[in-house]
Amino acid sequence: VSGWTLVEAGALSGAGNMALDLGVLAASIARQRPDPVVRIYAWNPPALSVGAKVELPREVRERCAAAGVDVVQRATGGGCVLHDGDVTYSVVAPEAGRSVLEAYRWVAAGLMAGLRLLGIEAAVAEHPTTGRPMDCFAVATGADLAVEGRKICGSAQVRRRGWFLQHGSLPIVDIRAKTASLLGDSVDRGSTCVQRSRPGTTWDEAASALVGGFLAAWGVEPRRRRPERFEWGSIGEVPQYRGVPEGPRAAVVLQNPRGMV
Amino acid sequence: MGEVESTKSVSDIYAPLSGSVTGLNAECRDNPALVNQDPYGEGWLVVLEPGDAGEYERLLTADQYAALVRELEGDAEGG
């Protein structure tokens with residue numbers, strides 16, 4: 001890339017983070033921005049982000065409310081992710097002819113370089129897998145990174161008008177039991193977190209490492225700035241959580257990605 | 001006219017024609033892998049009633065579309 005931008009906004013609520021990611025995507029499309037725009041961010045309060053096509057059971061939402069955890073629907077695919085002390089990244093960039101898996105791999109180069117700065121060797125996970133549990137971290141795909149076969153970073157995309165938004169979560173501490181208790185699932189044993197590989201790693205160290213990783217992958221320093229007014233979008237742009245099944249929709253969820261790009 | 005999700009990536013489905021959606025394939029909603037297994041048969045998504053018959057005449061056949069994609073990929077590889 002010839003340049004990239006790092007947008008810094010501090011920790012936001014679930015709705016705020018998702019509105020800003022979509023706002024950056026909308027701004028990049030409107031202005032036909034050729035360079036990637038990256039965010040590395042936190043959530044306050046903790047939030048459960050829910051994939052665009054997931055219909056969350058009412059009891060999960062009630063458990064989240066009781067635990068003080070925001071629930072927000074993502075525009076991107078995949079399952080449910082608890083954001084509680086994790087480092088979340090987002091990248092908005094032109095598709096530039098990249099297929100879904102190619103875009104995941106392109107972003108993964110920066111993420112892997114960042115983890116390497118922490119002394120953690122990660123790789124793109126095996127693909128495809130079968131089945132899709134509600135807990136994002138319970139299954140790994142070609143969208144994800146793994147350390148010694150254990151998923152450490154889960155990512156998802158939305159594509160609009162030639163651009164894509166990809167975001168993903170890098171857990172710092174082990175929150176699998178909390179995720180399971182909120183989702184009403186058994187505890188997932190197949191994923192890992194940064195502190196398991198590198199005890200004592202702080203949020204700031206991991207966030208800085210990801211910035212350093214994109215710098216290493218793309219070979220150029222980012223331009224750092226706050227969000228522009230236009231990028232804040234409106235909270236109304238965040239897809240509302242759908243507690244009740246809707247009527248007929250043309251939307252479908254593909255479990256087997258072969259042949260679909 | 002809708003969205004499709006594959007490998008955790010959500011993409012728009014573009015309507016090939018202007019017109020009205022008059023039917024949805026409920027089986028595809030329950031078993032979306034049909035789109036991959038039989039895209040020209042059981043994997044149909046919607047029934048679309050064209051608003052302008054002229055638009056229908058200008059659509060590409062599957063073979064013509066495949067040729068167009070190959071041409072575009074050739075351009076991309078060539079630089």
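All chains are named by letter (A, B, ...) in the order of the sequence lines, taking the proteins before the strands, and each is independently numbered beginning at 1. Because the structure is a prediction, the values reported are computed rather than measured.
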Rounded distance [0.5 Å steps], OG in S9(B) versus CG in L165(A): 9.5 Å
d(R160(A) CZ, S11(B) OG) to nearest 0.5 Å is 10.5 Å
Taking atom [atom1] of [X] as the centre, report whether more than 12 heavy atoms of other residues, nucleotides or ligands fall under 6.0 Å from it.
X: E42(B); atom1: CD; result: no
X: Y40(B); atom1: OH; result: no
X: E27(B); atom1: CD; result: no

Is R161(A) salt-bridged to D12(B), cutoff N-O under 4.0 Å? no
Side chain, backbone, both or neither: which part of F164(A) has an atom under 4.5 Å from a heavy atom of chain B?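 Neither part.
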Side chain K8(B), main chain S155(A), donor-acceptor under 3.5 Å: yes
Please step through side chain to side chain contact (heavy atoms under 4.5 Å, CB included) for the pair T76(A) and V10(B), ending with a clear verdict. CA-CA 6 Å; T76(A) 55; V10(B) 174; 5.5 Å; no
